[in-house]
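Everything on this sheet refers to the single structure shown next.
For the single chain, residues carry numbers from 1 onward in sequence order.
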Amino acid sequence: SRRIARLEMYIAASAGYLRSAVALAAEETGEVSSLTGKVVRQPDLLSDLFWLGGCIRDYDRKKNRSYAEEVLKKRLKFNMVTAQTLDEERRLHGVDLVDKDWDVIRDTFKDMFGKSKRPGHADSGSHDEIA
């Protein structure tokens with residue numbers, strides 16, 4: 001099917017991009033020692049994917065994006081879900097908030113209750129603790 005062909009194309013592209021990123025990031029991935037300049041380990045798919053996951057998380061934070069929300073938007077783009085279904089899923093399961101969203105919530109609660117702690121922030125407990 002067209003979906004499978006597209007999936008295989010994205011997997012092939014991702015494999016190529018991952019290999020290129022790992023090749024360029026030999027020091028960051030621990031393959032080459034920053035002290036000696038010598039190879040200390042061979043590339044490893046699982047550890048390289050773990051490294052890339054951290055890079056993607058950092059990139060999403062920098063761009064104020066949520067990985068889960070971005071995937072859901074792609075599913076909508078690929079006509080795998082309808083906008084109505086996506087909206088229902090968000091209402092049922094909630095949304096993944098980025099730091100900018102938590103800042104708005106914090107400011108709103110600060111205005112309402114005079115509290116300055118940000119939900120989910122290190123000094124205030126979990127995201128569940130709002131007031």
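The structure places CZ of R65 at 12.0 Å from CD1 of I56, a figure rounded to the nearest 0.5 Å. Of the inter-residue distances, the one linking S66 atom OG with K73 atom NZ reads 8.5 Å to the nearest 0.5 angstrom. Taking CD of E70 as the reference point, atom OH of Y67 lies at 10.5 Å (rounded to 0.5 Å).
Considering all non-hydrogen atoms of both residues, L76 and L86 come closest at CD2-CD2, 4.0 Å.
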Evaluation steps, salt bridge (charged side-chain N to carboxylate O under 4.0 Å, His left out), between R106 and D103: CA-CA 5 Å; R106 181 204 65 225; D103 290 342; 3.3 Å; yes
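Residues F78 and M9 fall within the same hydrophobic cluster, defined by Ile, Leu, Val, Met, Phe, Trp and Tyr side chains chained together at heavy-atom separations under 4.5 Å. The same ILVMFWY cluster, assembled from side-chain heavy atoms under 4.5 Å apart, contains both L45 and W51. Grouping the Ile, Leu, Val, Met, Phe, Trp and Tyr side chains by contacts below 4.5 angstrom, directly or via other members, places L24 apart from L52. In the hydrophobic cluster analysis, where Ile, Leu, Val, Met, Phe, Trp and Tyr join through side-chain heavy atoms closer than 4.5 angstrom, L7 is grouped apart from L18.
Between R91 and D87 there is a salt bridge, with a side-chain nitrogen of the basic residue lying less than 4.0 Å from a carboxylate oxygen of the acidic one.
Counting heavy atoms from C-beta outward, E69 and R90 have side chains that approach closer than 4.5 Å. For the pair L72 and R75, the minimum side-chain heavy-atom distance is below 4.5 Å.
The closest donor-acceptor contact from the side chain of T85 to the backbone of V81 lies at 3.5 Å or more, if one exists at all. D48 places a side-chain N or O within donor-acceptor distance of the main-chain N or O of D44, the cut-off being under 3.5 Å.
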